[in-house]
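Okay, so here's the structure we're looking at.
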Amino acid sequence: MSSKVRVRFAPSPTGYLHVGGARTALFNWVFARKHGGTFVLRIEDTDIARNTDEAMQAIFDGMRWLGLDWDEGPHAGGQCGPYFQSQRGAIYERYAQKLVEGGKAYTDEAGALRFRLPRQPLAFDDLVCGHIEIDRSKSQSRDGSPEADMTIRRADGGWIFHFVNVVDDIEMGITHVVRGEDHLSNTPKHIELYQALGVEPPQFGHIPLILNKDGSKMSKRDQGAAVGSYIEGGYAPEAVVNYIALLGWSPKDDSEKLSVDELIARFDFSGVNRKGAHFDLEKCNWLNAQYLMHLPMDRYLALALPWLEKAGITGDDATLTPVLALVREKVKFLTELPDWIGFFFTEEYPFLPDAEEKLRKPGALDRIAQLAEAYRAIEPWDSATLEVKLKELAATHGVKAAEFVHPARTAVSGKTVGPSLYHMLEVLGRERVLKRFARATQTFAG
RNA sequence: GACCCUAUCGUCCAGUGGCCUAGGACAUCGCCCUUUCACGGCGAGAACACGGGUUCGAAUCCCGUUAGGGUCACCA
């Protein structure tokens with residue numbers, strides 16, 4: 001890269017942050033980070049009627065959650081502000097004036113300002129699609145008439161996307177325009193605008209779209225379409241970033257799990273696919289579980305904390321960490337956490353129906369009594385010792401270990417499903433285990 | 001309708017003329033591990049859209065067809 005890389009993500013706050021948009025933002029961000037460039041966030045809010053504050057917030061929240069910090073833009077500031085198109089009217093006016101003075105734009109009968117399309121054959125090299133040649137003189141509208149001149153300002157004074165987009169990219173010194181493939185066909189018009197303005201166009205890179213698994217277009221209601229659904233669904237951001245990076249980009253070997261740093265190190269437009277990708281939530285879920293299992297414990301704790309607080313589970317890191325470590329290989333989504341570990345934090349844990357059934361089985365309470373006796377003075381209180389002792393006991397009574405395991409598990413947790421029994425007992429501690437054995441016995445005796 | 005992009009297992013990718021009887025991952029199925037649930041391990045099934053070329057040789061290059069997607073707005 002000869003000049004310093006400046007890229008941007010330019011969403012319009014009209015709905016929610018779409019995974020496709022998030023991926024576009026990610027590729028821009030990664031590219032900027034890789035080349036020590038600048039990542040700009042610009043809000044394209046020229047259509048006042050369709051903008052909402054919620055959508056704006058969703059963009060900020062989603063980007064922050066994904067870790068895509070912007071160097072210039074709302075909140076971050078920068079030399080090229082304001083970063084809201086709604087506040088850049090004077091700049092657009094200046095550029096429009098230039099066009100009009102050059103005879104390249106005119107006001108039509110309806111009062112809208114239009115750019116006189118040159119309609120010349122045109123070629124450009126796309127970072128991902130390669131060399132593209134288009135004979136613009138052949139373009140026609142749906143009805144077969146020649147393509148109409150592009151409107152750049154509405155009769156009501158509102159600015160139109162194509163124009164302001166180009167003007168801002170010029171004003172903000174954008175060197176690489178990386179965006180969705182839906183703009184590939186618009187690019188010639190944009191280039192004509194650059195030329196009319198006497199500015200060298202930037203490099204373009206068009207990323208293929210993300211489709212539903214069945215190939216249909218992804219819309220708001222489709223599962224996984226909104227970045228917010230991952231935030232709410234208990235995903236680890238690194239997993240989502242990893243997944244969407246892999247959707248349309250390949251590291252070229254068989255790597256599946258890639259950290260952000262690896263992404264930055266290995267990303268290149270030559271690795272970006274030209275084919276639209278079908279979204280597969282199953283694989284995203286798998287990746288999420290992988291991250292949840294292998295993230296550093298302090299990071300895992302940080303991700304878990306909000307979900308625990310929401311469920312009323314509190315404790316210092318030292319008490320929370322061992323409990324989380326116990327279940328994290330079983331947890332698919334952070335949202336499940338309270339269900340997995342709730343019983344660690346109350347002595348009033350409920351006995352679920354299938355657990356109750358196990359404890360009502362003939363002999364179950366006897367086993368608990370025997371185990372309680374055996375555990376009363378056992379030393380040391382650790383999983384290995386507890387396991388040996390339980391198996392010894394089972395052998396003494398001539399029964400399978402399961403005869404003791406199941407009653408013990410259900411007695412201390414109220415559930416038939418949970419972490420490894422011995423580790424769970426170790427973390428619970430002798431005192432609580434014995435108390436819980438007693439509670440279960442009391443509850444189901446007679 | 002015009003123009004543009006695309007076309008390898010159900011899905012995401014690898015494959016850039018011989019190493020391909022096409023590789024990995026998710027999902028599916030089977031087996032193993034196991035106190036539950038998971039994790040994990042092993043294995044199976046599963047694809048080069050079709051038709052023409054080019055070439056000694058094509059998933060890979062060219063053309064056509066078909067299919068999918070996109071753009072042609074006073075939306076972004």
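Naming: A, B, ... by sequence-line order, numbering from 1 per chain.
Counting any heavy atom pair closer than 4.0 Å across all strands shown, A:L421 reaches a base atom. At a threshold of 4.0 angstrom between heavy atoms, the contacts of A:P419 include nucleobase atoms, whether or not backbone atoms are also involved. Here A:S141 lies in heavy-atom contact (under 4.0 Å) with a base. Residue contacts shown for A:D47 are limited to sugar-phosphate atoms, with no base heavy atom under 4.0 Å away. Contacts of A:T416 with the nucleic acid, taken as non-hydrogen atoms under 4.0 Å apart, include base atoms. Among the heavy atoms of the strands lying under 4.0 Å from A:A155 is at least one base atom, whether or not backbone atoms are also near. Residue contacts shown for A:G180 are absent, as no nucleic acid heavy atom lies under 4.0 Å away. Among the atoms of the strands shown, only primed sugar atoms or phosphate atoms (P, OP1, OP2) are found under 4.0 Å from some heavy atom of A:S12. Across all strands, A:E336 comes closer than 4.0 Å to no nucleic acid atom at all (heavy-atom distances). At the heavy-atom level, A:E147 lies under 4.0 Å from the strands shown only through sugar-phosphate atoms. Residue contacts shown for A:M150 are absent, as no nucleic acid heavy atom lies under 4.0 Å away. Residue-level contact check: A:A10 touches neither bases nor backbone, having no heavy atom under 4.0 Å from any strand. Residue A:H206 is out of contact with every strand shown, counting any heavy-atom pair closer than 4.0 Å.
A:K332 has a side-chain polar atom (N or O) that falls below the 4.0 Å cut-off from OP1 or OP2 of B:C39. Taking only side-chain nitrogens and oxygens, A:T46 comes nearer than 4.0 Å to OP1 or OP2 of B:A76.
Judged by distance alone, with hydrogens and angles left aside, A:R409 brings a side-chain donor or acceptor within reach of the base of B:U35, the pair sitting under 3.5 Å. The base of B:C37 sits with one of its N or O atoms less than 3.5 Å from a complementary donor or acceptor on the side chain of A:K330. Applying the 3.5 Å distance criterion, the base of B:A25 shares a donor-acceptor pair with the side chain of A:K283.
Panel note: side chain A:N28, backbone A:T24; a donor-acceptor pair is recorded below 3.5 Å. Looking only at distances, a side-chain donor or acceptor of A:N242 sits under 3.5 Å from a matching main-chain atom of A:E256.
Atom name C1', nucleotides B:A7 and B:C48: the rounded distance is 10 Å, in whole Å. Atom P of B:G64 sits at a distance of 27 Å from the matching atom of B:A73, rounded to the whole Å. Nucleotides B:G24 and B:C63 place their C1' atoms 33 Å apart, quoted to the nearest Å. B:G15 and B:C20: their C1' atoms are spaced 9 Å apart (whole Å). Comparing the same atom, C1', in B:C33 and in B:A27 gives a spacing of 22 Å after rounding to whole Å.
Across all strands shown, B:C33 forms no Watson-Crick or G-U wobble pair with both key distances under 3.5 Å. Pair assignment for B:A25: B:U11, on the basis of Watson-Crick or G-U wobble contacts that are both within less than 3.5 Å. In this structure, B:C56 forms a base pair with B:G18, meeting either the Watson-Crick or the G-U wobble geometry with both donor-acceptor distances under 3.5 Å.
A cation-pi arrangement, defined by a distance under 6.0 Å to the six-membered ring centre and an angle within 45 degrees of its axis, is present between A:R439 and A:Y349.
A:N51 places its CG atom 10 Å from the C1' atom of B:A76, with the value rounded to the nearest Å. If you take CD of A:E181 and P of B:C4, they are 13 Å apart, rounded to a whole angstrom. The distance from atom CD of A:E356 to atom P of B:U36 is 22 Å, rounded to the nearest whole Å.
Tested against A:E147, the residues A:K138, A:R136, A:R119 include a single salt bridge (charged side-chain N to carboxylate O under 4.0 Å, His left out) partner, A:R136.
The listed nucleotides are B:C74, B:G69, B:A38; the one nearest the side chain of A:E329 is B:A38.
Taking each heavy atom of A:P202 and A:I174 in turn, the nearest pair found is CB-O, 3.5 Å. Between A:D149 and A:R114 the shortest heavy-atom distance is O-NH1, 2.5 Å.
For B:C19, the O4'-C1' to base torsion is more than 90° from 0; the nucleotide is therefore anti.
Using a 3.5 Å distance cut-off with no hydrogens or angles, the side chains of A:S259 and A:D261 do not pair a donor with an acceptor.
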